[in-house]
Protein chains: 2
Amino acid sequence: MSVTIDLATMHQSAEAASRLMRVLANADRLMLLCQLTQHELCVSELEEMLDIRQPTLSQQLTVLREEGLVTTRREGKKIYYQIAPGPALAVMQVLYQQFCGAEA
Amino acid sequence: MSVTIDLATMHQSAEAASRLMRVLANADRLMLLCQLTQHELCVSELEEMLDIRQPTLSQQLTVLREEGLVTTRREGKKIYYQIAPGPALAVMQVLYQQFCGAEA
DNA sequence: CATATAATATATAAAAATATATAATGATTG
DNA sequence: CAATCATTATATATTTTTATATATTATATG
């Protein structure tokens, strides 16, 4: 039950956490994830909803994919994005509470 | 009870949230805040605990100060830092749970 | 008081990481 | 193969990080 944590361990955890924070440190990506917490959506739907240009959108989605925050599924020409389970989801919930009105 | 949120409003919230994420998107700053969630500490104590060079430390603390995540108190030559209440604290708690072992 | 020392902050500049626009490329379907 | 949906490449602008040097503030001492 020690309170002091080994520095190396703490550093590792901090690196991992800061990496997630870095992915979330962009309004476009936050909005994308926020939409995806509700239900899966394809790229063109996201583009229309959020008014982000298509290449930029695709680049941000690539970041989310590479960091494992979303998974994809192809259906014909469309690619559907879903949010993946993990720490990101927990953080998104807190952010929603804190910044988008906590409805009790 | 509408599910769709106004785009402009969402964008504003996302900007605010991403701004917080940006501040937390750095391992040094996360470790600093993590220490400060326990109790206030002065700069030299933080420097020793975390093994960060003094100017770097001071620069990171300035970021935290300017973003309102910490407050300070001078005592003689020393300046003590405390964490400020707000959304950052809520996020830090989730990060601790998720990345530093959730002890049930 | 003048000066030394300790604790912290700021300035500046160079390097690294991110973001974004435009243009080009890939995949799928009819 | 033309049209649609999406990704990648390239170039450029912007932001962040960090190191070195310097400044500030408070205390202590001769």
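Proteins get letters first, then strands, A, B, ... in listed order; numbering begins at 1 in each.
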Practice problem: Run the numbers on B:Leu20 and B:Glu67 for side chain to side chain contact (heavy atoms under 4.5 Å, CB included), then give the verdict. | Solution: CA-CA 8 Å; B:Leu20 173 58; B:Glu67 293 292 326; over 6 Å; no

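Between A:Ser44 and the phosphate of D:dT4, there is no side-chain N or O to OP1/OP2 separation shorter than 4.0 Å. A close approach under 4.0 Å does occur between a side-chain nitrogen or oxygen of B:Asn26 and OP1 or OP2 of D:dT17. Between C:dA9 and B:Arg65, a contact under 4.0 Å exists linking OP1 or OP2 to a side-chain N or O.
The number of heavy atoms from other shown groups lying within 6.0 Å of CD (A:Glu15) is above 12. Counting heavy-atom neighbours within 6.0 Å of B:Arg65 CZ, excluding the residue itself, gives a total above 12.
Taking every side-chain heavy atom of A:Lys77 into account, C:dT29 is the closest of C:dT29, C:dT20, C:dA7. The side chain of A:Arg29 lies closest to C:dA19, out of C:dA19, D:dC5, C:dA6.
For B:Lys78 and D:dA28, the NZ to C1' distance is 15 Å, given to the nearest whole Å. Look at CZ on B:Arg22: it is 15 Å from P on D:dT14, rounded to the nearest Å. The CD1 atom of A:Ile79 sits 15 Å away from the P atom of C:dG26 (whole-angstrom rounding). Counting to the nearest Å, the P atom of C:dA9 and the CG atom of B:Leu32 are 11 Å from each other. The distance between atom CD of A:Glu47 and atom P of C:dT20, rounded to the nearest whole Å, is 15 Å. As a whole-Å value, the separation of B:Glu66 CD from C:dT8 P is 18 Å. Rounded to whole Å, atom P of D:dT4 lies 16 Å from atom CZ of A:Arg74. Atom pair A:Arg19:CZ and C:dA17:P shows a separation of 12 Å (rounding to whole Å applied).
DNA chain D is contacted by B:Arg53, B:Pro55, B:Thr56, B:Gln59, B:Gln60 of residues 52-64 of chain B, taking any non-hydrogen atom closer than 4.0 Å.
Nearer the 5' end of DNA chain C, as judged by each residue's closest nucleotide, is the contact made by A:Ala25, out of A:Glu75 and A:Ala25.
Residues passing the side-chain contact (heavy atoms from CB on, under 4.5 Å) test with B:Thr56 are B:Asp28, B:Ile52, B:Arg53, B:Gln60, sequence neighbours excluded.
Among the protein residues, B:Tyr81 comes within range of the sugar-phosphate backbone only, with heavy atoms under 4.0 Å from sugar or phosphate atoms but none that close to a base.
With hydrophobic clusters built from ILVMFWY side chains whose heavy atoms lie under 4.5 angstrom apart, A:Leu61 does not share a cluster with A:Tyr80.
For A:Val70 against A:Tyr81, the heavy-atom pair with the smallest separation is CG2-CD2, 3.7 Å.
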